[in-house]
Number of protein chains: 2
Amino acid sequence: MPFVAPPALRSGDPVAIVAPSGPFDREAFEAGLALVQRRYTARFTDGLFTRHRYLAGDDARRAAELNQAFADPELKAVFTARGGYGSMRLLAGLKLGAPRLFVGFSDVTAVHGALQAHGVRSLHGPVLTQLGRQPPGAVDRLFGLLESTAPAAPLLNARTVVPGVAEGPLLGGNLSVLTRLLGTRFMPPTRGAVLLLEDVGERPYRLDRMWTHLALAGVFEGLAGIVLGDFTGCEEREADYGSAEVLRSLAQQTGLPCAAGFAIGHGTVNLPVPLGARVRLDATAGRLEFLEALVG
Amino acid sequence: MPFVAPPALRSGDPVAIVAPSGPFDREAFEAGLALVQRRYTARFTDGLFTRHRYLAGDDARRAAELNQAFADPELKAVFTARGGYGSMRLLAGLKLGAPRLFVGFSDVTAVHGALQAHGVRSLHGPVLTQLGRQPPGAVDRLFGLLESTAPAAPLLNARTVVPGVAEGPLLGGNLSVLTRLLGTRFMPPTRGAVLLLEDVGERPYRLDRMWTHLALAGVFEGLAGIVLGDFTGCEEREADYGSAEVLRSLAQQTGLPCAAGFAIGHGTVNLPVPLGARVRLDATAGRLEFLEALVG
């Protein structure tokens, strides 16, 4: 079943900024906010800047903010301030209304999972604290994805891990967070899909453990292909092996078409991609083509 | 359905030493081995000392060793050399024969999970590299559990987290590893059980993420109670919150009887407990009683 495309965003539209995960640096946030405001009308409250332990305020605050953003018919999109940790804690009480554009990555892979389990496309791309550091091309690509009903330009020059071609909806995101949805009703329906994975600050054995969890849960059975983004800061000190080597051997065991090194994730450039939209991964050529737009 | 008790071990019995997880320090291993050999006849090969990345040899080696230990009718118990990471990688090919005593904790929580999913009791207790550092009482308790058909002495003086009393089979072990079994056929059947959790070197937000995974997967629905062991080195630097506080608030949300601070896990003392045997947790009194023996 195809995933529903939320309505396209237009310049000037009111959009919500939410912080369902961790607290964040105000300066980095303001830089990203300025870019969003250059094109849309950003709405948020001071509650966004709350801190409770490692969370941007307690669950009640973050849940109310997120559910309100999905419920208010005036708001046309939901941008996230930062990742970190915490959006998982809101899933059980998450109220998804009519299809609504949702933008973010990393910790909010949990929200993406819930959206795709609900049958709706969403945008895997920069959070606000990361957006201000992005090159103009990535920012333009973000606006293009949110506004255009034409499929996005392909991503090129990735490394072949397992040659082959795969087609299916692109699902996934952060490996740590995605695997925390296994065995829950918020896991996106990966059968026939092309799975996107990226991560930050995870030691190689931890990447192995998460990947093995996907394997034991049967995710690779019936999967079409695998897209590996950045695995930033995932090296073990003084080790004679690297995370790329560990991921390569794990990917090879699946036998699925797989390409690595796409500029998606926690690296310098985080190219936005639509989740739930059909893609064509040519792992042999290191190319990811987009067959459907994010919005309709 | 009750979990099957493996046959009791007797002094002099041949036992296997296996390394299904990470490579280990030889000296710490020899200290634990000396204690095992004082009472049983330890069998292992030099393959035990192999290293492949973060693993004690490749999957083929470790799988052959583990499956052989479970298959050989002469061997009466299986001790593990060390945790680390890696036993999960062997689960898909694990061949469990007749009920056989299995001893270990931490990473081999994955093997315990498979055993309990298979309906067999096992021993949560020191790995060999930890055994040599244990006080005599813990070592005697280990031998007692392995050999006696009388239930073990209760564990006392834990802290009440949520008052109440719970009865059921004790299941679980390492939180990180147990949650990696969610959504797989190796997750132990937790309905009606008393869940044991411990961990090492996990930041509070990570403990929260794992716990929230258990919650979203429905593990706390129908669970009887929660036993918290040691959470060693789980503090965040320069934080105004501790792991005990985070765990307490998560446990309170379940409403289940819960006591914390049992000397089980990666602390100085790792008191052996039977998994799959019925226990009575009096969280109000901070006491864990054993209603069944490990062995029959």
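To find a chain, count down the sequence lines: A is the first, B the second, and so on, and within it residues start at 1. Atom set for the values below is all heavy atoms of this structure, side chains included, hydrogens, waters and symmetry mates excluded.
- Salt bridge present: B/R89 and A/D208 bring a charged side-chain N and a carboxylate O closer than 4.0 Å.
- The candidate from B/M187, B/E245, B/R53 with the greatest count of non-hydrogen atom pairs under 4.5 Å with chain A is B/R53.
- Ring to ring, B/H112 and B/F105 are not that close: their centroids are 6.0 angstrom or more apart.
- Taking the charged nitrogens against the carboxylate oxygens, B/R206 and A/E202 do have a contact shorter than 4.0 Å, which makes a salt bridge.
- With a 4.5 Å cut-off on non-hydrogen atoms, B/L214 does not touch chain A at all.
- Using a 4.5 Å cut-off between heavy atoms, A/Y205 touches chain B through backbone and side chain atoms alike.
- For the set B/G84, B/A217, B/A239, the count of heavy-atom pairs under 4.5 angstrom toward chain A peaks at B/A217.
- With hydrogens and angles ignored, the 3.5 Å screen pairs no side-chain donor or acceptor of B/S21 with any backbone N or O of B/Y85.
- With a threshold of 4.5 angstrom between heavy atoms, B/Y54 approaches chain A through its backbone and through its side chain.
- When A/R185, A/M210, A/R203 are compared by the number of non-hydrogen pairs under 4.5 Å with chain B, A/M210 comes out ahead.
- Between A/R61 and A/D58, no side-chain nitrogen of the basic residue sits less than 4.0 Å from a carboxylate oxygen of the acidic one, so the salt-bridge criterion is not met.
- Put simply, of B/V246, B/D240, B/L91, the one with the most heavy-atom pairs under 4.5 Å next to chain A is B/V246.
- In this structure, chain A has no heavy atom under 4.5 Å from any part of B/V219.
- Taking the six-membered ring where the residue is Trp, A/F29 and A/F49 present perpendicular rings, their angle passing 60° and hence far from 30°.
- Under a 4.0 Å N-O distance rule, the pair B/E221/B/R191 does not qualify as a salt bridge.
- Looking at A/S249, only its side chain comes within 4.5 Å of chain B, counting heavy atoms on both sides.
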